[in-house]
Amino acid sequence: MCAATLDGSPALTAAFYERPVLEVARELIGCTVEHAGAAGVIVETEAYHDSEPACHAFVGVTPRTRTLFGAPGRAYVYRSYGIHAMLNAVCEPEGVGAAVLIRALEPLSGIESMRARRGLAETARVEELCSGPGKLAQALGVTLEQNASSLSSGPVRIGPRPPEWADPPILDGVRVGISRAVELRWRFCVAGNRNVSRPWPPASGRADAARR
DNA sequence: CATGGGATTGACT
DNA sequence: GTCAATCCCATGC
């Protein structure tokens, strides 16, 4: 399938995702995500792979991780802390449990619906809408119902980098909010982008660079 | 079947 | 800086 995205570009196909998850995590930066009339550019991602214990797939195939081990190019959506939905893109060949967590977006369109779904006032800054994995899922209206749906032809679509995002400045760092495999630098984000979920690089010149 | 722990966020001291 | 909300699911009895 080569279904179109909002701007007319064909959505990324399964072949894009059927590669090493670290490559995909890096290359998804600058790509677009859309759902329910809203869209944004991906500015922060994290990679997860069944070979390391921070990944849900580390425990093997269970009802929860079946999507992770399934076909690449599908959405893996799960609930975090009983409250938030987390949107991931399943990667690597079927049988490998790997995914890219989409952690932040720069809003592109549907800003008003994002604000409404986030329950924010019209005066809320655009940077508040999608600057975190739970926030962007809420802003786009993504729920667990979209788990296992195709990112090429389903309700949630990921498109290629727009021309102005052809070569974004990408920084890597350690992943956020996990307690195992904390040393892996499997987080990627756009340098200096204000929609990134945490100050990156650390705002001040203090010695907290090594903390996370 | 009971329990415990989150790939987070927002409110509050 | 601290902390609670809240639900899915993996694990262990």
Side-chain angles (χ1 to χ4, degrees), chain A residues 17 21-22 24-26 28-29 33 40 42-70 74-92 96-105 107 114-121 123-149 151 156 158 172-189 194-200 202-204 206-208 211-212:
Chain A
Y17 302 96
V21 69
L22 284 173
V24 181
R26 188 176 276 276
L28 276 177
I29 297 288
V33 191
I42 299 171
V43 297
E44 181 181 351
T45 61
E46 283 179 1
Y48 289 88
H49 188 274
D50 61 27
S51 61
E52 47 89 14
C55 183
H56 292 168
F58 187 68
V59 297
V61 181
T62 66
R64 181 198 206 188
T65 63
R66 196 182 46 192
T67 308
L68 275 173
F69 284 96
R74 309 189 82 89
Y76 168 55
V77 187
Y78 69 95
R79 189 171 298 296
S80 178
Y81 292 94
I83 302 173
H84 310 286
M86 300 282 135
L87 173 63
N88 297 251
V90 175
C91 296
E92 309 230 3
V96 179
V100 173
L101 171 66
I102 298 170
R103 286 190 57 89
L105 306 178
M114 287 185 178
R115 269 200 260 262
R117 283 189 282 243
R118 293 267 293 116
L120 298 174
T123 54
R125 297 195 325 278
V126 172
E127 295 82 19
E128 297 178 53
L129 299 177
C130 298
S131 54
K135 296 179 187 180
L136 75 88
Q138 184 182 36
L140 292 178
V142 171
T143 68
L144 301 213
E145 287 184 23
Q146 279 79 50
N147 184 45
S149 67
L151 294 171
V156 184
I158 299 185
D172 62 79
V174 297
R175 295 175 293 183
V176 172
I178 55 172
S179 55
R180 303 154 81 186
V182 295
E183 72 285 356
L184 299 177
R185 298 178 69 83
W186 285 11
R187 178 181 185 227
F188 304 94
C189 61
R194 287 202 292 267
N195 297 272
V196 166
S197 69
R198 310 226 175 174
W200 195 266
S204 66
R206 304 282 304 285
D208 47 28
R211 200 160 49 200
R212 42 182 34 123

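A quick note: this is a predicted structure, and the numbers were derived from the prediction, not measured.
Every residue two or more places apart in sequence or in another chain was checked for a ring-ring contact (aromatic ring centres under 6.0 Å, His included) with A/F69, and none qualifies. Residues passing the side chain to side chain contact (heavy atoms under 4.5 Å, CB included) test with A/T143, sequence neighbours excluded: A/E145, A/Q146. Under the salt bridge (charged side-chain N to carboxylate O under 4.0 Å, His left out) criterion, A/E127 pairs with A/R125, not counting sequence neighbours. Considering only residues two or more places apart in sequence or on other chains, A/R117 meets the salt bridge (charged side-chain N to carboxylate O under 4.0 Å, His left out) condition with none of them. The side chain to side chain contact (heavy atoms under 4.5 Å, CB included) search around A/A99 returns A/L68, A/N88, not counting sequence neighbours. Under the side chain to side chain contact (heavy atoms under 4.5 Å, CB included) criterion, A/A137 pairs with A/A85, A/V142, sequence neighbours left out. Under the rule for a side chain to side chain contact (heavy atoms under 4.5 Å, CB included), A/R66 has no partner lying at least two apart in sequence or in another chain.
Nucleic acid contact class of A/R180 (heavy atoms, under 4.0 Å, all strands): none. Among the protein residues, A/L101 comes within range of the nucleic acid bases, having at least one heavy atom under 4.0 Å from a base atom.
Residue A/R115 comes nearest to A/L129 through the heavy atom pair CG-CD2, 3.5 Å, listed as atom of the first residue, atom of the second, then distance. Contact detail for A/H49 and A/A98: the closest heavy-atom pair is CD2-CB, 3.8 Å.
For DNA chain C, no neighbouring residue in residues 49-57 of chain A is found when judged by any heavy atom under 4.0 Å.
Taking 4.0 Å as the cutoff to heavy atoms of chain A, we find the contact window on DNA chain B bounded by B/dG6 to B/dG10.
Two residues, A/A99 and A/E128, neighbour DNA chain B, and the one matched to the more 5' nucleotide by heavy-atom proximity is A/A99. Each of A/K135 and A/Y76 was assigned the nucleotide of DNA chain B with the nearest heavy atom; the assignment lying further toward the 5' end belongs to A/Y76.
For DNA chain B, runs of at least 3 consecutive pairs of the Watson-Crick or G-U wobble type, with both hydrogen-bonding distances under 3.5 angstrom, map to B:1-6 with C:7-12, B:8-12 with C:1-5.
Rounded to the nearest 0.5 Å, atoms CZ (A/R79) and CG (A/L144) are 4.5 Å apart.
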Practice prompt. Could you give me the CA-CA distance, side-chain angles and deciding distance for A/Y48 and A/H56, then say whether ring pair (Phe, Tyr, Trp, His ring centres under 6.0 Å) is met?
Written response: CA-CA 8 Å; A/Y48 289 88; A/H56 292 168; 7.4 Å; no

Side chain to side chain donor-acceptor pair (under 3.5 Å) for A/N195 and A/S131? Distances and angles first, verdict last.
CA-CA 5 Å; A/N195 297 272; A/S131 54; over 6 Å; no

Per-nt protein contacts along nucleotides 6-13 of chain C (heavy atom under 4.0 Å; B base, S backbone sugar-phosphate only, - none) come out as BBSSSS--

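Applying the salt bridge (Lys or Arg N to Asp or Glu O under 4.0 Å) test to every pair with at least one member in residues 47-63 of chain A, sequence neighbours left out, gives these pairs: A/E52-A/R175.
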